[in-house]
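Structure first, commentary second.
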Amino acid sequence: MEFLGISYTEWIGYAAMATVLISFLMKSVNKLRIVNSFGCLLFVFYGVLLEPLSIPIIITNAAIFFINAYYLFKKQRFHF
């Protein structure tokens with residue numbers, strides 16, 4: 001299926017790209033990690049939708065997501 005001549009899979013890829021790029025405009029590291037994590041999850045979804053699967057996209061972005069999550073939760077423990 002397509003929208004404006006672009007497949008829905010590509011739209012997810014563009015949304016992931018835009019989200020990751022926007023994350024680097026954040027002044028707060030926590031906000032950067034949150035927005036970047038969402039972009040990474042979109043990239044994982046994009047990698048799964050590609051035919052054939054794109055294992056490098058999936059592994060890289062899943063790893064970045066877990067690194068972001070680790071630092072977000074690690075920082076929260078010190079605030080309690």
Side-chain angles (χ1 to χ4, degrees):
M1 297 185 71
E2 292 185 356
F3 178 70
L4 299 176
I6 299 172
S7 72
Y8 286 115
T9 301
E10 277 190 76
W11 279 112
I12 291 170
Y14 288 129
M17 174 202 63
T19 305
V20 169
L21 287 174
I22 289 169
S23 75
F24 290 109
L25 298 174
M26 305 292 158
K27 291 183 181 180
S28 163
V29 174
N30 280 346
K31 286 181 185 177
L32 181 149
R33 289 191 185 281
I34 292 167
V35 175
N36 189 272
S37 294
F38 181 68
C40 288
L41 289 176
L42 284 173
F43 263 124
V44 169
F45 188 54
Y46 171 70
V48 168
L49 292 176
L50 289 175
E51 287 293 328
L53 288 176
S54 181
I55 301 299
I57 290 174
I58 295 168
I59 291 173
T60 302
N61 285 284
I64 294 169
F65 171 80
F66 286 115
I67 291 167
N68 282 334
Y70 170 78
Y71 282 108
L72 283 168
F73 289 116
K74 179 182 171 187
K75 277 199 151 194
Q76 282 186 354
R77 276 189 274 168
F78 292 113
H79 291 296
F80 291 113

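A quick note: this is a predicted structure, and the numbers were derived from the prediction, not measured.
Contact between V48 and L53 at its shortest, heavy atoms only, is O-CD2, 3.1 Å. The shortest heavy-atom contact between S23 and V35 is CB-CG1, 3.7 Å. Of all heavy-atom pairs spanning Y46 and T9, the tightest one is CD1-O, 3.1 Å. A pairwise comparison of heavy atoms in R33 and N68 identifies NH1-OD1, 2.9 Å as the closest pair. Closest approach of I57 and G47 over heavy atoms only: CG2-CA, 4.1 Å. In terms of heavy-atom proximity, C40 sits nearest to I64 at SG-CG2, 3.4 Å.
Residues M17 and I6 share a hydrophobic cluster, clusters being chains of Ile/Leu/Val/Met/Phe/Trp/Tyr side chains in contact below 4.5 Å. Note on F38: it does not cluster hydrophobically with F66, by side-chain heavy-atom contacts below 4.5 Å among ILVMFWY residues. Put simply, L72 and V44 are part of two different groups of oily side chains (I, L, V, M, F, W, Y) that touch within less than 4.5 Å, one to the next.
Of the inter-residue distances, the one linking S54 atom OG with I59 atom CD1 reads 9.5 Å to the nearest 0.5 angstrom. The CD1 atom of I22 sits 11.5 Å away from the CG atom of N36 when rounded to the nearest 0.5 Å. Note that the OG1 atom of T19 and the CD1 atom of I12 stand 11.5 Å from one another [nearest 0.5 Å]. Note: Y8 OH to L49 CG = 13.0 Å, rounded to the nearest 0.5 Å.
Contact annotation: the side chain of F65 never approaches that of N61 to less than 4.5 Å [non-hydrogen atoms, C-beta and beyond]. In this structure the side chain of L41 never reaches within 4.5 angstrom of the side chain of F45, judged on heavy atoms.
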